[in-house]
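Counting convention: from 1, in listed order, for ligands and their atoms alike. Quick caveat, the model's predicted, so the values are computed rather than measured.
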Amino acid sequence: MRPDLAACYGQERLPRYTSYPTAPHFSSAVGPATYAEWLRAIPARATASLYLHVPFCRSMCWYCGCNTTVARRDEPIAVYESALRCEIDLVARHIDRRIPVSHIHFGGGTPTILTPESFGDLMGTIRHSFFVTPSAEIAIEIDPRRLSAGMIDALALGGVTRASLGVQSFDPKVQSAINRVQSFTQTADVTNSLRRAAIAGVNFDLIYGLPHQTVASCLETVRQCVELRPDRLSVFGYAHVPTFKKHQRKIDADLLPDSLERHEQASAISEALRNAGYVQVGLDHFALPGDAMAVALREGRLRRNFQGYTTDAGDVLIGFGASAISALPQGYVQNETQIRSYSEAIAGGRLATVKGYALTDDDRLRADIIERIMCDYSVDLGAICARHGLAPETMLNAAPRLNELISDGIVALDGASLAVAEHSRFLVRSVAAAFDAHLDTSRQLHSRAV
Ligand code: SF4
């Protein structure tokens, strides 16, 4: 595609569309009482997915965009784990039955900062309150710099099936600039230990657009990753938002690659992984052809939730912990972000909901369209609009920005079918944004499209 178009669209600040509307549109109009009502109304046959947030790490990586805090002592972590168990019990009492659960995700922060005993207790509470199906995927994010043999045993015993290892870059110069020094050997040892413990699904997380990163250093990182043959890789562009993430001020913005360099890095990584036999899944994931995510893509079942691309087909997502977001048919709710406020609410026997969003019919239609664009790079507007009782022309007229994307050759419209051009797939967020009725009020809060 034309370099000027890549640079122009790549500069746009856009959501990643892990939900629609996105989190900046949540408000205090939705609080604990509404969440309690929505939990009680979960349909009888619904299946659930669970997300548990553990907002602690032993040190801060300068690029980090997560809700986490550095914990030097173990005591706050133990107190928090106890609050998590209380919250699980509290939420389950609102649902009033052991709803089937097919996906559990432990995110953070560093969830493996819990002790092996705490992790076992947490899994016990989950299994007591919910019916975790025998084939459930139980996934956890891991910092390979700090994972004990005892914790690997606890993960295996708890039924964990998938582990996501933070790698980012193996380039020592990049690692030093982001305060995350992690050797290839550390990553390889953890990968092999997890596999020996029968935790078969291993994901690696990579980042491009970091200080000092070049196409060559990205390719060398990919080469080393491929040696270990992870089942999946996620590849994200670094989002530099020092206004919101103060520790990112320690990254010298002058050392960051510009839009075109970021595009070149993303393209080089994508090509190298595809040459190594991985299937590109959506914008930022790569999977071996037999992996469940690649299969879901082939079968049109790929979904998007707050963790990004997922095979999770649950009807409701219930989030636990500080800042965790839940998605129910009626809308979204988010817990208190501060650990103290969250823990106080739970200790007081109250749901920790601080804000949320009640979906309208128009939101549900746009959410469906945006999810298909993000997952499939194409969307049958006729079929989706028919399901929502609307003529596709009405939706097309309500997305005027689409005309510009069509004339720039980024998307093609054939009747009511929309397809993102192969060479413009990295701009899929720009196409999704054409259907975002809330974009103008949140644009400054998002990262660049590339
Ligand atoms: S380990 Fe992960 S969550 Fe913790 S500071 Fe580093 S990037 Fe953030």
Side-chain angles (χ1 to χ4, degrees), residues 16 18 23 51-74 76-77 80-81 84 105-115 118-119 139-148 151-152 155 160 162-172 174-184 186-187 189-191 194 202-213 221 225 230 232-251 256 284 306-308 319-325 335 337-339 342 447:
R16 292 183 185 279
T18 53
Y51 173 78
L52 294 96
H53 192 72
V54 181
F56 299 102
C57 295
R58 289 300 183 196
S59 62
M60 185 60 76
C61 311
W62 301 148
Y63 63 87
C64 182
C66 303
N67 173 38
T68 191
T69 184
V70 173
R72 307 211 190 278
R73 294 179 305 115
D74 291 337
I77 303 168
Y80 181 82
E81 183 265 324
L84 273 180
H105 188 100
F106 289 87
T110 306
T112 48
I113 204 169
L114 298 170
T115 63
S118 286
F119 182 76
I140 191 161
E141 294 166 13
I142 285 177
D143 180 348
R145 297 171 298 171
R146 300 177 180 93
L147 187 70
S148 67
M151 193 62 191
I152 293 178
L155 299 180
V160 168
R162 186 172 292 279
S164 287
L165 276 58
V167 173
Q168 324 316 347
S169 167
F170 282 125
D171 183 338
V174 175
Q175 290 190 352
S176 159
I178 59 174
N179 196 39
R180 186 186 175 110
V181 175
Q182 175 181 324
S183 70
F184 174 78
Q186 278 174 317
T187 306
D189 287 350
V190 167
T191 302
L194 290 166
V202 174
N203 304 0
F204 285 181
D205 300 334
L206 302 184
I207 298 186
Y208 63 86
L210 290 169
H212 296 298
Q213 236 173 349
T221 293
C225 288
R232 289 180 200 167
L233 297 101
S234 68
V235 183
F236 291 108
Y238 167 55
H240 191 59
V241 282
T243 317
F244 303 108
K245 296 285 173 187
K246 296 208 172 12
H247 51 264
Q248 291 188 350
R249 292 178 190 166
K250 302 200 180 203
I251 289 183
L256 294 172
D284 44 35
F306 294 103
Q307 280 80 59
F320 299 102
S323 78
I325 300 177
N335 275 350
T337 301
Q338 299 301 321
I339 296 169
Y342 161 78
S447 60

Aromatic ring proximity Tyr51/Phe106, centre distance under 6.0 Å = no

What protein heavy atom lies closest to [atom]? Include the residue and the distance to one decimal.
atom	value
atom 5 (S) of ligand 1	Cys61 N, 3.4 Å
atom 7 (S) of ligand 1	Tyr63 OH, 3.3 Å
atom 8 (Fe) of ligand 1	Cys64 SG, 2.4 Å
atom 4 (Fe) of ligand 1	Cys57 SG, 2.2 Å

Atoms in ligand 1 with a heavy atom of Ser59 nearer than 4.0 Å = 5 (S)

Expected output: side-chain [X] to main-chain [Y] donor-acceptor under 3.5 Å:
X	Y	value
Glu141	Pro111	no
Ser183	Gln186	yes
Gln248	Val241	yes
Gln307	Gly107	no
His247	Cys64	yes
Glu81	Ile77	no

With a 4.0 Å heavy-atom cut-off (strictly under), which part of Arg180 contacts ligand 1: side chain, backbone, both or neither?
-> side chain

May I ask you to check whether Cys66 brings an N, O or S atom to under 2.8 Å from atom 4 (Fe) of ligand 1?
-> no

Is it true that Gly65 lies under 4.0 Å from ligand 1, counting heavy atoms only?
->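 So Gly65 does not count as touching ligand 1.
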
What do you reckon, does Gly109 put a non-hydrogen atom under 4.0 Å from ligand 1?
->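 The answer is yes, since Gly109 has a heavy atom less than 4.0 Å from ligand 1.
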
